[in-house]
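See structure below.
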Amino acid sequence: FKCGTLPSWYPLGQEQLVTFDEKETPEVETVPPFSPPPPGEFLIPFPAESQRTQIDGPDFPVSFDFGWIFANLNTTVVPAGANPPEDPAAAQAWVSIEMDASGRFSVGFDAVQLDSACTASHARIGS
């Protein structure tokens with residue numbers, strides 16, 4: 001988007017973010033399921049359509065060194081109204097991972113896709 005401006009949907013929310021440690025102990029993050037979120041203290045690690053987010057960085061703090069993340073990136077974009085009409089909360093997302101070891105070695109790969117905006121299930125962990 002144009003420098004110095006933000007679109008009406010910014011920042012994007014998520015239906016659910018859950019982080020797990022190596023023992024699969026869940027930590028359910030408080031996130032708004034619609035965009036833009038109301039004022040308040042919410043975790044919003046993926047605020048724009050395309051960006052890099054560092055896990056355990058300032059935008060996405062976690063309380064452990066190793067584990068995995070369940071990210072349900074569906075969101076209702078309030079300025080879009082009832083679009084798409086089939087499911088206004090369905091959102092298409094593509095996630096890839098980059099891991100590095102002490103800045104010397106790195107590997108990147110696609111995340112495992114559990115849902116699609118074509119047939120969104122709105123699956124949530126713990127519900």
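What you see is a predicted model; the values in this text were computed from it and never measured. Along the sequence shown, residues are numbered consecutively beginning with 1.
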Exercise for the section: Using modelled atom types only, decide if a donor and an acceptor are shared between the side chain of Ser106 and the backbone of Met99 within a distance under 3.5 Å. Expected result: no

Handout entry: Whether Asn74 side chain and Ala91 backbone form a donor-acceptor pair below 3.5 Å
Key =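 Judged by distance alone, yes, a pair lies under 3.5 Å.
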
Practice task
Determine whether Trp9 and Leu6 fall in the same hydrophobic cluster, where Ile, Leu, Val, Met, Phe, Trp and Tyr are linked whenever their side-chain heavy atoms lie under 4.5 Å apart.
Solution key: yes

Problem - Hydrophobic cluster identity match, Ile97 and Phe70, side-chain contacts under 4.5 Å - result: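 No, no single cluster joins them.
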
Practice task
Could you tell me which residues satisfy side-chain contact (heavy atoms from CB on, under 4.5 Å) with Pro38, sequence neighbours excluded, listed by chain and number?
Solution key: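 Testing Pro38 for side-chain contact (heavy atoms from CB on, under 4.5 Å), a comparison that skips the adjacent residues, returns Pro32, Phe34, Phe42.
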
Fill in the blank from the handout: Members sharing Phe66's hydrophobic cluster, built from side-chain contacts under 4.5 Å between Ile, Leu, Val, Met, Phe, Trp and Tyr, are none

Problem - Heavy-atom pair with the smallest gap, counting every atom of Ala48 and Gln51 - result: O-OE1, 2.6 Å

Exercise for the section: Could you pull out all residues at least two apart from Phe20 that satisfy ring-ring contact (aromatic ring centres under 6.0 Å, His included)? Expected result: Trp68

For the [atom1] atom of [X] and the [atom2] atom of [Y], what is their distance to the nearest 0.5 Å?
{"X": "Gln14", "Y": "Phe46", "atom1": "CD", "atom2": "CZ", "result": "6.0 Å"}
{"X": "Leu73", "Y": "Leu12", "atom1": "CG", "atom2": "CG", "result": "9.0 Å"}
{"X": "Gln92", "Y": "Cys118", "atom1": "CD", "atom2": "SG", "result": "6.0 Å"}
{"X": "Leu114", "Y": "Ser121", "atom1": "CG", "atom2": "OG", "result": "8.5 Å"}
{"X": "Leu43", "Y": "Leu17", "atom1": "CG", "atom2": "CG", "result": "6.0 Å"}

Exercise for the section: Scan for ring pair (Phe, Tyr, Trp, His ring centres under 6.0 Å) pairs involving residues 91-117, sequence neighbours excluded, and state none if there are none. Expected result: none

Are the side chains of [Y] and [X] in contact, using a 4.5 Å heavy-atom criterion?
{"X": "Val62", "Y": "Ile69", "value": "no"}
{"X": "Pro37", "Y": "Pro11", "value": "yes"}
{"X": "Asp56", "Y": "Phe64", "value": "no"}
{"X": "Pro36", "Y": "Pro79", "value": "yes"}

Handout entry: Residue pairs, two or more places apart or on separate chains, that pass salt bridge (charged side-chain N to carboxylate O under 4.0 Å, His left out) and touch residues 89-118
Key =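 Applying salt bridge (charged side-chain N to carboxylate O under 4.0 Å, His left out) to every pair that reaches into residues 89-118, excluding sequence neighbours, yields Arg52-Glu98.
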
Problem - Donor-acceptor pair between Asn72 and Glu15 side chains, under 3.5 angstrom - result: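 Yes, Glu15 and Asn72 have a side-chain donor paired with an acceptor closer than 3.5 Å.
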
Problem - side-chain hydrogen bond (donor to acceptor under 3.5 Å, both in side chains) involving Asp59 - partner list, sequence neighbours excluded - result: none

Exercise for the section: Go through the steps for Asp87 and His122 under the test side-chain contact (heavy atoms from CB on, under 4.5 Å), then give the verdict. Expected result: CA-CA 10 Å; Asp87 185 348; His122 303 281; 2.6 Å; yes

Exercise for the section: Using the side-chain contact (heavy atoms from CB on, under 4.5 Å) rule, take Glu27 and Val18 through it: C-alpha gap first, then chi angles, then the decisive distance, then the call. Expected result: CA-CA 6 Å; Glu27 290 183 3; Val18 183; 5.9 Å; no

Problem - side-chain contact (heavy atoms from CB on, under 4.5 Å) evaluation trace for Ile44 with Val31 - result: CA-CA 7 Å; Ile44 304 175; Val31 294; over 6 Å; no

